[in-house]
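In what follows, every chain begins at residue 1, and chains take the letters A, B, ... in the order their sequences are listed.
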Amino acid sequence: VTAALAGLKVLDLSWVVAGPLIGRALADFGAEVVRVESSTRVETARLMQPFYGGVPGVENSALFGNCNAGKLGMTIDLKSDAGLAVVRDLVAWADVVIESFSPGQLARWGLDYETLAATKPELIMLSTSIAGQTGVWSRLAGYGNVGSSLSGFQGLVGWDDGIPLGPFGPYTDYVGPRLALVALLAAVENCRRTGQGCYIDVAQVEAGVFFLSPQVARYEVDGTITQRAGNRDEVFAPHGVYPSLPEQGAGRFVAVVARTDEEWQRLAHRMGRADLAGRSDLATAEGRRAAASELDDAVAGWTSGRTAADVERELQSLGVPAHVSANSADFAADPQLAARGHLVALDHPLHGTAHVEGPRYLLSETPGSVERPAPTLGRDNETVLRELLGYTDDQIRALEEGQVLR
Amino acid sequence: MLEHLRVLDLTDERGLLCGRLLADLGADVVQVEPLGGSTARSAPPMAATAGRPSLYWEAFAANKRGIVLDLDSETGLGVLRRLATRADIVVTSLPAGWLRERGLDPETLRAATPAMIYTHISAFGWTGPKAGYADSDLVVWAAGGPLDPHRADGRPPLRISVPQAFLHAAADAAAGSMLAVLARPATGRGQVVDVSAQASLGIATLGRVLATLVGDANPEWQQQPRARSDQSGSGAATPNSLKKWHCRDGMIELHLSMGPAAGTFTNNLFRWLDDEGAVPAHIAAWDWRAVPERVATGAMDLSDLDEARGAVRAFLLTKTKAEVLDAAIERRLLCMSIFDMGDIAASAHLEERDFWATVEIEGRARRIPGRFAQITGGGQPQVLRRAPRIGEHTDEVLRDWLGAAVGPAAALPEQIGASR
């Protein structure tokens, strides 16, 4: 099987989540991706949960593992001239460079797109940052939670009677890399056809706002500022997340939605609430929205006497949307994800087995695959220098002795 | 960049965004609607203006041409199949059963056109034990993982108040389609791209979906936060109430980050407080990069952290959202004003970056988000047309795509409409 991106050479100078996820997807589909890190200024994702065995440690983060599986890993001291010289060689090797330094940092090293493209017009470079490489906010420091605040998501999660809860984690870190990947793949296609590279500037704030396009357009058209509304929907009712029987001492929940009047009838009858099913004021979505609190109580009353899995099974058998609010144990055991091969186990030198998500979409002719777990610090220093860059033993020894590969 | 690609877009609201992304990058994207129009035309939010247009449609169908076909008639389906033979990519988010009934499934369509890329977007996947599940944005959000950790104060998990799940899947569908385009020269064939929104969402949980598999003893860590040693920059393991602060005219998102990677930002914050005399000297002297270690070794007392928080709380109450944003830029703080749609629309930064596209909605020029990425050196994403009216381009698309092969193109639309 030929890989979709066979032969594509990618230098990944990014860190944490938004940048590394892009290179991860490229590696899944056959690109050769070299991820550069520092072992002295350890990248944030390595310090983040969840950890193998629950034990914090720079080699233990499953988040880092998920964002960097399939890549080759190098450690380089970017504060040294010799280290920067290695990076220059990697840039010369690469078809694609992905980076997430603070805007302006690459220019200080003479590694910005403009400088590089002067001698290598076919280069594709992608920068990902909070607010972009230009503009008054470009000097903003920050992670995806800053992106969530400035793009409107922070205020759009929460109960209507409370302070904003904000999305779980740095939400724009999950949006930016998806949009970035589309632009990057289009650039690769364009480069194959024309020989011309380009520079792609991805801003998490802009990616986030893009995912709120309908709400921004609404403000533009009629001045409405969309408000947080708990789990209520603008159209469907009931529409919520309801408590089910606790399991192993922990609270469990199930999502239930009626999309149509017929689904509402089926739901109400299944709940044994013929009284509600017969009420004319609840026959339409508008009427049910007006009675949303009453309906939420009724649904919660029914679900709380059942397991979440039973609710899902009973309602799905009637064609009514319902699903367990999946925790990580549910995700690991989900038969649908298993059927897709979504969770992948790989041999790992420290953990025995590494667990990562597989490629997010299934391609029938050139399926993605995960060739190796994420690098331990400096795992592929020699391989990259010798095999990809053609360094000699003496050159490699000099770098090691000079403490450059750390 | 993608001007050489034709995309036949059979999506509803679940997949509408995919074609918009490809169109912005230059592809010729033709949105197919059934008689009476796409269900995405009634996807919320609806504007409170005379025609009550769906702004979901106006935003995500922008830049496409639109045709209408009777998808319950052989004539309409016959035209659709002929159009499909001319497409590089067919993308749909209609249910598998519906597509099979009409011979629009990937096996049937690709048999006639092996070079075709067929991209299917669904809640769970084209096949599998949950492929037939009834779905909605909330149900997919629950199944994919982002819902469950998203809670506070003992209440049920919370979604984002506007639909998001299928946007992730639709964006993934655009990337998956491009991968198939890139594979085509090597394989000489197209292929099927099967996108599951559930599978797309795993990465939207900050790795949490892997916690049980890797044996994290505390997989529900979002509920038992290790706030004192959360070393992330984003404060993902810190409870919400510790990350939201009132300022003079609104609210601020701020996580007091600590540890070697992100502690510097909190050092910067306390320098600001110190400059304005708003923090006792012994707290101003802390190095937040070393705080987790000092707490772990007992060199620091946890009540010290509360004193620091109190100083921040009192200080921020004296500042406006604008002042905090300015300081965040000047002083490199992880301290952010919580913006609403009005703040976003007024952003000088987005204006300066030429982020917006302008399209006509109900006869008036309106701004919608435009450049999802800024590309220099060729291929800047752009929006060249508003979302289509029902059947607006039927005639010209049949002429462009089928040309003489279809006979007198002008006669077709009536034929299609009348054939039911």
If you look at every heavy atom in [X] and [Y], which pair is closest and at what distance?
| X | Y | answer |
| --- | --- | --- |
| B:Ala171 | A:Arg178 | CB-CB, 4.1 Å |
| B:Ile203 | A:Tyr174 | O-CD2, 3.3 Å |
| A:Leu185 | B:Ala175 | CD1-O, 3.4 Å |

Suppose we call two aromatic rings close when their centres sit under 6.0 Å apart. Are B:Phe339 and A:Trp137 close by that rule?
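Yes.
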Please look at [X] and chain A and tell me whether the side chain, the backbone, both or neither of the residue comes under 4.5 angstrom of a heavy atom of that chain.
| X | result |
| --- | --- |
| B:Arg189 | side chain |
| B:Trp141 | side chain |
| B:Ile361 | side chain |

Are [X] and [Y] linked by a side-chain donor-acceptor pair shorter than 3.5 Å?
| X | Y | value |
| --- | --- | --- |
| B:Gln198 | A:Asp334 | yes |
| A:Thr366 | B:Gln191 | yes |
| A:Gln154 | B:Lys244 | yes |
| B:Tyr133 | A:Gln336 | no |
| B:Thr49 | A:Asp222 | no |

Please walk me through it: do A:Glu206 and B:Arg353 pass salt bridge (charged side-chain N to carboxylate O under 4.0 Å, His left out)?
CA-CA 10 Å; A:Glu206 290 166 351; B:Arg353 281 171 60 80; 2.6 Å; yes
Checking salt bridge (charged side-chain N to carboxylate O under 4.0 Å, His left out) for the pair B:Arg366/A:Glu220: CA distance, chi angles, key distance, verdict?
CA-CA 6 Å; B:Arg366 307 285 194 182; A:Glu220 289 283 319; over 6 Å; no
Side-chain ([X]) to main-chain ([Y]) donor-acceptor, under 3.5 angstrom:
| X | Y | value |
| --- | --- | --- |
| A:Arg218 | B:Pro44 | no |
| A:His239 | B:Leu138 | no |
| A:Arg259 | B:Asp135 | yes |
| A:Ser328 | B:Val209 | no |
| B:Ser161 | A:Ala229 | yes |

Using side-chain heavy atoms (C-beta onward) and a distance below 4.5 Å, is [X] in contact with [Y]?
| X | Y | value |
| --- | --- | --- |
| A:Gln133 | B:Gln374 | no |
| A:Ser325 | B:Leu147 | yes |
| B:Ile338 | A:Pro164 | yes |

Pick whichever of A:Gly230, A:Gly368, A:Gly155 has the most heavy-atom pairs under 4.5 Å with chain B.
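It is A:Gly230.
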Relative to chain B, which of A:Phe29, A:Phe211, A:Phe236 shows the most heavy atom pairs under 4.5 Å?
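The residue among A:Phe29, A:Phe211, A:Phe236 with the greatest pair count is A:Phe211.
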What part of [X] gets within 4.5 angstrom of chain B, counting heavy atoms only: side chain, backbone, both, or neither?
| X | value |
| --- | --- |
| A:Ala131 | both |
| A:Arg340 | side chain |
| A:Val356 | backbone |

Salt bridge (charged side-chain N to carboxylate O under 4.0 Å, His left out) for A:Asp233 and B:Arg159? Distances and angles first, verdict last.
CA-CA 10 Å; A:Asp233 187 73; B:Arg159 75 158 181 167; 3.1 Å; yes
CA sep, side-chain torsions, deciding dist, call: B:Phe355, A:Val209, side-chain contact (heavy atoms from CB on, under 4.5 Å)
CA-CA 10 Å; B:Phe355 171 66; A:Val209 173; 3.7 Å; yes
In terms of ring plane angle, is the pair A:Tyr171 and B:His168 parallel, tilted or perpendicular, where the classes change at 30° and 60°?
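It falls in the perpendicular class, over 60°.
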What verdict does the side-chain contact (heavy atoms from CB on, under 4.5 Å) test give for B:Asp194 and A:Tyr361, after you've listed the backbone C-alpha separation in whole Å, the side-chain angles of each residue and the deciding distance to 0.1 Å?
CA-CA 6 Å; B:Asp194 173 9; A:Tyr361 22 82; over 6 Å; no
Are there over 12 heavy-atom neighbours, none belonging to B:His246, within less than 6.0 Å of that residue's NE2?
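For B:His246, atom NE2 is not crowded (no more than 12 foreign heavy atoms under 6.0 Å).
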From A:Arg360 CZ over to B:Asp172 CG, what is the distance, rounded to the nearest 0.5 angstrom?
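These two atoms lie 4.0 Å from each other.
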Between B:Arg364 and A:Val221, does a side-chain contact (heavy atoms from CB on, under 4.5 Å) hold up when you go through it step by step?
CA-CA 9 Å; B:Arg364 289 188 56 181; A:Val221 170; over 6 Å; no
